[in-house]
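Chain letters run A, B, ... following the sequence lines, proteins first, then strands; residues in each count from 1.
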Amino acid sequence: MRIGDLSARTGASVRMLRYYEEQGLLAPVRTDSGYRIYQESDVDRVARIRCMLSAALPSGVVGEALKFLLDGRAVIPDEPADRARLADTLEGELDLLTEKIESLQHSRELLATIVSDVRGDVVGPGRPGDPGCAVRRSVRKAGPAIGPVR
DNA sequence: CTTCTGACA
DNA sequence: TGTCAGGA
């Protein structure tokens with residue numbers, strides 16, 4: 001089938017399908033005129049790709065997992081050794097994701113205090129020990145509140 | 001009409 | 001990721 005059909009059957013845009021190919025996740029054959037031709041198994045393959053990408057896995061890792069996907073079979077490697085290795089890299093991604101989440105939570109808390117400071121019309125330098133982002137409203141009488149110091 | 005590559009108000 | 005161009 002051509003790219004338009006695969007797109008319709010997977011929900012992935014034509015643009016994305018070409019992108020997956022660039023990432024080495026799909027390898028359709030080409031007609032003499034250059035049109036990409038996909039196999040039935042690619043419908044399932046694209047579903048797996050989208051699933052793993054939604055799980056925040058880097059395309060490189062998705063490619064690794066897909067190496068074990070041979071024509072509609074499970075992504076789980078047959079060889080116990082391969083399975084263990086894949087599980088390890090996947091778990092590594094899980095840890096990376098956890099780190100990002102924690103970093104974002106820190107950012108969220110900082111932003112929350114900045115918001116409350118703005119709403120509370122905080123004046124002067126920040127309190128000792130604060131993030132240093134406290135808003136300083138100038139002593140000037142004119143002009144609305146000043147944004148965070150750059 | 002569909003797809004292709006390259007590029008970005 | 002969308003979308004437009006200019007061709008096939």
Any donor-acceptor N/O pair, [X] side chain to [Y] backbone, under 3.5 Å:
X: A:Asp95; Y: A:Gly92; value: no
X: A:Asp5; Y: A:Arg2; value: yes
X: A:Arg45; Y: A:Leu25; value: yes
X: A:Ser7; Y: A:Ile3; value: no

Requested in this report: Summarise how protein sits on nucleotides 2-8 of chain C as a single string, 5' to 3': B when a protein heavy atom is under 4.0 Å from the base, S for sugar-phosphate-only contact, - for no contact.
Outcome: BB----B

Query - Test log, rule salt bridge (Lys or Arg N to Asp or Glu O under 4.0 Å), inputs A:Glu79 and A:Arg85 - result: CA-CA 10 Å; A:Glu79 307 300 333; A:Arg85 187 175 60 68; over 6 Å; no

Query - Taking every non-hydrogen atom, the tightest pair across A:Arg50 and A:Ala12 - result: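 Smallest heavy-atom distance, with atoms named: NH1-N, 3.6 Å.
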
Report task. Can you tell me the distance, in whole Å, between the CD1 atom of A:Ile3 and the C1' atom of C:dT1? Result ->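 Atom-to-atom, A:Ile3 to C:dT1, this comes out as 14 Å.
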
Query raised in the report: What integer distance in Å separates A:Arg36:CZ from B:dC4:C1'?
Result: 7 Å

Requested in this report: List in numerical order all residues of residues 18-33 of chain A for which some heavy atom is under 4.0 Å away from an atom belonging to DNA chain B.
Outcome: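 Correct list: A:Arg18, A:Arg30.
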
Query raised in the report: Yes or no on salt bridge (Lys or Arg N to Asp or Glu O under 4.0 Å) for A:Glu64 and A:Lys67, after CA distance, side-chain angles and deciding distance?
Result: CA-CA 5 Å; A:Glu64 287 300 302; A:Lys67 284 182 178 177; 3.1 Å; yes

Joint cluster assignment, [X] & [Y], ILVMFWY side-chain distance < 4.5 Å:
X: A:Tyr19; Y: A:Val46; value: yes
X: A:Val61; Y: A:Ile49; value: yes
X: A:Met16; Y: A:Met1; value: yes

**Report entry** Bracket string, DNA chain C, 5' to 3' - pairs by Watson-Crick or G-U geometry under 3.5 Å, | interstrand
**Finding:** .|||||.|

